[in-house]
Amino acid sequence: MKHKIAEIVKKSLKDYQDLPEIAIDIPRNKNFGDYSCNIALILAKKLEQNPREIASKLVEKLKEDSLFEKVAIAGPGFINFTLKEAIIQDTVKEVIKQDHDWGKLATRNPQPETVLLEYVSANPTGPLHVGHGRWAVVGDAIARLLRAAGYEVKTEYYVNNVGNQIDKLIASVKAAKDGKPTPEGGYGGAYIQEIAKQKAENSEEILASIIEEQKKTLGQLGVAFDNWFDESQLHDKNEVKLGVAKLHDLGMTFEEGGAIWFKSQELGDDKNRVLIRENGNSTYFSADIAYHLNKFSRADHLIDIWGTDHHGYVARLKAALKVMGLPVDKFEVIIGQLVTLYRGKEAIRMSKRTGEMVTLQEVVDEIGTDATRFFFSATDVNSHLDFDLELAKKKSNDNPVFYVQYAHARVCSILEKNKTAGLPDCQTTSLKDLKNPAERALMLKLISWPDIVQVAARLRHPQMVTEYGKELAALFHSFYEQCQVLGNPARVILVDASRIVLRNVLEMLAISAPEKM
RNA sequence: GCGCCAGUAGCUCAGCUGGAUAGAGCAACAGAUUUCUAAUCUGUAGGCCACAGGUUCGAGUCCUGUCUGGCGCACCA
């Protein structure tokens with residue numbers, strides 16, 4: 001709908017040149033209409049004209065459009081639109097017609113951009129922690145959003161199955177097996193003892209067993225990856241060496257102390273970085289360069305979600321890719337901040353060294369998949385999160401996830417009661433009588449869903465979906481209190497449209513949409 | 001010391017490229033059910049958007065500085 005309005009505004013502006021992007025907003029205050037546009041204010045600055053004058057010229061043209069009941073100027077020069085009731089009603093019918101597709105954006109591009117989204121990618125040295133869970137949920141939701149927005153998305157989990165940490169892991173398991181204490185710098189969690197008790201003999205079996213556990217936990221969270229990519233593959237196929245050679249050919253490397261270095265200082269880094277160590281082994285950095293070269297050969301656009309502990313690393317990887325001529329503007333890194341667990345007021349301290357930690361598996365077991373997903377989707381992944389287990393569990397009845405699910409269950413219950421009458425025919429049933437403010441507000445919300453998907457996908461902000469879900473549920477509950485549905489075909493249609501959008505919202509978050517609660 | 005991220009109601013958090021009177025949930029208080037699910041609804045109260053400057057018609061949002069917290073600053077990953 002926003003897009004439609006923007007197009008109309010654009011048409012009315014054809015006398016102007018060099019137009020900025022036209023933004024259509026939903027005003028906070030209902031008195032300002034259903035949608036609004038600030039283009040006159042923006043143009044006023046550019047053209048050094050009175051914004052209200054520009055607006056009044058535009059309004060004259062916009063008034064003629066059949067979409068609007070009313071177009072008005074307000075405040076310093078906002079243009080406010082009120083939709084015709086018939087347009088709103090027709091769009092509600094469109095919701096029912098499109099059903100699962102309502103909220104999927106039509107791509108004008110016959111060859112959609114391919115996106116390779118890499119996330120979680122935890123080291124295969126132990127169980128996932130809560131931060132991983134957060135990034136997993138956010139990554140999965142972003143993948144769903146991008147798909148709905150018309151991108152072709154592949155998801156991937158990078159397994160660092162090479163390097164020091166693996167040697168330490170193996171040594172730790174061996175020590176446990178022999179009843180010796182954990183070696184210096186090794187891993188000491190209870191899971192090490194578990195693995196030691198199992199049949200796991202060689203490093204492959206040990207790794208496989210840990211990765212299996214990770215997969216199991218992620219699966220329980222409803223997160224599955226299209227591809228698990230082993231770092232060892234890059235070494236086996238010589239891609240790491242080739243990447244380093246490429247940098248060498250570009251004159252971006254030098255040798256010192258028996259190691260090969262990347263001249264990252266020339267590109268703004270505060271120090272140069274080692275690519276090949278004195279002992280001939282490659283660093284994590286050079287493997288990661290190779291990995292991203294590999295990914296760029298498979299997709300147009302890369303998105304990585306990294307933990308905040310890796311953020312210092314972004315600049316140097318981008319620098320390396322840029323100097324190699326790759327489109328760095330198509331390489332995004334989303335930094336995921338950590339989660340601090342609380343039980344009531346008490347923060348749960350975690351230490352990898354002592355192995356004293358609450359795993360993601362334990363949290364999912366305790367809180368449940370739906371609530372965990374909702375909580376992790378509901379906040380900006382770029383902000384630190386305090387997550388209170390007691391609150392998420394104990395207050396489950398007032399939990400926002402249940403609030404949204406309950407709206408869906410209520411809808412289904414009404415439709416079940418209406419079964420004997422049957423669903424009214426959308427073509428022949430008039431929605432003219434849906435004039436109550438609660439009905440109108442609900443309809444407007446339903447028709448804005450595709451706009452939410454679009455913006456949420458562009459910004460990679462799943463929290464916009466959970467926000468929308470809460471707002472939609474609230475409007476539905478309010479409507480429900482005021483309007484008797486059964487016996488009113490127009491309202492039955494409105495309820496069915498609500499069911500569709502509530503379900504589509506929950507599906508976007510991979511949260512179940514129960515028919516009964 | 002340097003860098004990145006954050007600081008919005010008592011608590012947990014939303015707030016789209018700068019827009020109109022800053023929002024929600026929880027907690028608190030007062031009400032609503034002979035009627036389709038009360039896991040609900042209606043209302044009240046709660047704010048110097050960390051602080052100080054600046055940019056402009058207009059700042060929670062942009063710039064500079066300060067304070068507080070998190071995370072980095074390896075020939076670990």
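Chain letters run A, B, ... following the sequence lines, proteins first, then strands; residues in each count from 1.
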If you check the [X] side chain, which of [options] turns out closest?
{"X": "A/Arg273", "options": "B/A74, B/C75, B/C36", "result": "B/A74"}
{"X": "A/Pro27", "options": "B/C73, B/A20, B/C36", "result": "B/A20"}
{"X": "A/Asp386", "options": "B/U40, B/A14, B/U12", "result": "B/U12"}
{"X": "A/Val455", "options": "B/U37, B/U21, B/C16", "result": "B/C16"}
{"X": "A/Tyr403", "options": "B/U40, B/A20, B/C73", "result": "B/U40"}
{"X": "A/Leu385", "options": "B/G19, B/C4, B/C13", "result": "B/C13"}
{"X": "A/Tyr284", "options": "B/A77, B/C16, B/U40", "result": "B/A77"}
{"X": "A/Met517", "options": "B/U40, B/A39, B/A77", "result": "B/A39"}
{"X": "A/Asn29", "options": "B/A77, B/U21, B/C16", "result": "B/U21"}
{"X": "A/Thr379", "options": "B/U17, B/C13, B/C36", "result": "B/C13"}

Measure from [atom1] on [X] to [atom2] on [N] and round the result to the nearest Å.
{"X": "A/Phe402", "N": "B/A24", "atom1": "CZ", "atom2": "P", "result": "23 Å"}
{"X": "A/Leu391", "N": "B/A27", "atom1": "CG", "atom2": "P", "result": "9 Å"}
{"X": "A/Phe374", "N": "B/C26", "atom1": "CZ", "atom2": "P", "result": "12 Å"}
{"X": "A/Leu475", "N": "B/C41", "atom1": "CG", "atom2": "P", "result": "10 Å"}
{"X": "A/Gln265", "N": "B/G3", "atom1": "CD", "atom2": "C1'", "result": "15 Å"}
{"X": "A/Lys271", "N": "B/A74", "atom1": "NZ", "atom2": "C1'", "result": "8 Å"}
{"X": "A/Ile22", "N": "B/U17", "atom1": "CD1", "atom2": "P", "result": "17 Å"}
{"X": "A/Asn382", "N": "B/G70", "atom1": "CG", "atom2": "C1'", "result": "12 Å"}

Gap in Å between the two [atom1] atoms, one belonging to [N] and one to [M], rounded:
{"N": "B/A22", "M": "B/C49", "atom1": "P", "value": "10 Å"}
{"N": "B/A50", "M": "B/U61", "atom1": "C1'", "value": "16 Å"}
{"N": "B/A24", "M": "B/U8", "atom1": "C1'", "value": "13 Å"}
{"N": "B/A52", "M": "B/G7", "atom1": "C1'", "value": "16 Å"}
{"N": "B/G58", "M": "B/A20", "atom1": "P", "value": "14 Å"}
{"N": "B/U66", "M": "B/A28", "atom1": "P", "value": "42 Å"}
{"N": "B/C75", "M": "B/U68", "atom1": "P", "value": "31 Å"}

Does a nitrogen or oxygen in the side chain of [X] sit under 4.0 Å from OP1 or OP2 of [N]?
{"X": "A/Tyr342", "N": "B/U12", "answer": "no"}
{"X": "A/Arg410", "N": "B/A38", "answer": "yes"}
{"X": "A/Ser478", "N": "B/U42", "answer": "yes"}
{"X": "A/Gln463", "N": "B/G15", "answer": "yes"}
{"X": "A/Lys2", "N": "B/C16", "answer": "no"}
{"X": "A/Thr308", "N": "B/C71", "answer": "no"}

If you go through the side-chain atoms of A/Gln337, does one of them form a donor-acceptor pair with the base of B/C5 closer than 3.5 Å?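 No pair found.
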
Quiz item: Under the 3.5 Å rule, do the base of B/A20 and the side chain of A/Asn80 count as making a donor-acceptor pair?
Solution: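 Indeed, a donor on one side and an acceptor on the other fall under 3.5 Å apart.
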
I'd like to know whether the aromatic ring centres of [X] and [Y] sit less than 6.0 Å apart in this structure.
{"X": "A/Tyr119", "Y": "A/Trp135", "answer": "no"}
{"X": "A/Phe387", "Y": "A/Phe376", "answer": "yes"}
{"X": "A/Phe68", "Y": "A/Phe81", "answer": "yes"}

**Prompt:** Does A/Val137 reach the side chain of A/Phe374, with side-chain heavy atoms less than 4.5 Å apart?
**Reply:**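 Counting from C-beta outward, A/Val137 and A/Phe374 never come under 4.5 Å.
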
Item checked: Student check: side-chain heavy atoms of A/Val240 and A/Leu275 closer than 4.5 Å ->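 In short, these two side chains do not touch, never coming nearer than 4.5 Å.
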
Worksheet item: Is there a donor-acceptor pair under 3.5 Å between the side chain of A/Glu471 and the backbone N or O of A/Thr466?
Response: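 Not a single qualifying donor-acceptor pair exists.
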
May [X] be described as stacking on the base of [N], applying a 5.5 Å centroid limit and a 30° limit on plane angle?
{"X": "A/His384", "N": "B/G69", "value": "no"}
{"X": "A/Phe78", "N": "B/G19", "value": "no"}
{"X": "A/Tyr313", "N": "B/G72", "value": "no"}

message = I need the minimum non-hydrogen distance between A/Val404 and A/Ala473, along with the two atoms involved.
response =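 Where A/Val404 meets A/Ala473 most closely, the heavy atoms are CA-CB, 3.9 Å.
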
Q. Considering Watson-Crick and G-U wobble pairs with both distances under 3.5 Å, what does B/G31 pair with?
A.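 Looking at the geometry, B/G31 pairs with B/C41.
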
Is there a Watson-Crick or G-U wobble partner for B/C2 with both distances under 3.5 Å, and if so, which one is it?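 Partner of B/C2: B/G72.
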
| query | Using 30° and 60° as the class limits, which term best fits the ring planes of A/Phe229 and A/Tyr291: parallel, tilted or perpendicular? | reply |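 Judged by the thresholds at 30° and 60°, the geometry between A/Phe229 and A/Tyr291 is tilted.
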
